[in-house]
Amino acid sequence: MSDHEIQLLVIGIAIGMDLMLLVQILFGIRDDRRDRKARLAAQAQLQHRVEAHR
């Protein structure tokens with residue numbers, strides 16, 4: 001392999017790693033939003049049950 005081919009290979013690996021990190025960040029944000037919605041729904045349901053027993 002020539003130096004140029006090795007350089008392109010290294011750059012390709014670096015770009016691939018950056019893209020995978022971006023995907024992980026985006027899925028993390030999506031999961032956090034879903035978890036927040038589920039937590040709020042569970043809190044509302046619990047509050048409704050507590051008020052119903054009074």
Side-chain angles (χ1 to χ4, degrees):
M1 287 184 116
S2 70
D3 289 342
H4 183 68
E5 291 172 331
I6 293 172
Q7 184 180 12
L8 287 176
L9 181 62
V10 170
I11 290 171
I13 291 170
I15 290 173
M17 289 173 59
D18 288 343
L19 287 175
M20 289 304 299
L21 179 61
L22 180 62
V23 167
Q24 288 179 345
I25 290 169
L26 292 175
F27 276 103
I29 291 170
R30 188 189 69 171
D31 290 343
D32 289 344
R33 287 183 181 169
R34 184 175 47 213
D35 292 345
R36 189 178 314 123
K37 287 180 184 178
R39 180 178 47 87
L40 291 174
Q43 286 177 342
Q45 185 179 17
L46 179 62
Q47 185 66 27
H48 178 70
R49 287 183 181 180
V50 168
E51 291 174 359
H53 288 293
R54 287 186 182 175

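Fair warning: this is a prediction, and the values are worked out from it, not measured in the lab.
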Which atom pairs, one a donor and one an acceptor, fall under 3.5 Å between side chains of residues 39-48 and the rest of the protein, sequence neighbours left out?
unit_1, atom_1, unit_2, atom_2, d
Gln47, NE2, Glu51, OE2, 3.1

Under 3.5 Å, side-chain donor or acceptor atoms of residues 1-24 against the rest of the protein: list the pairs with distances, not counting sequence neighbours.
unit_1, atom_1, unit_2, atom_2, d
Ser2, OG, Glu5, N, 3.3
Glu5, OE1, Ser2, N, 3.0

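- The salt bridge (charged side-chain N to carboxylate O under 4.0 Å, His left out) check on Asp31 picks up Arg34, with sequence neighbours excluded.
- The environment of CZ in Arg30 is crowded: more than 12 heavy-atom neighbours from other residues, nucleotides or ligands sit within 6.0 Å.
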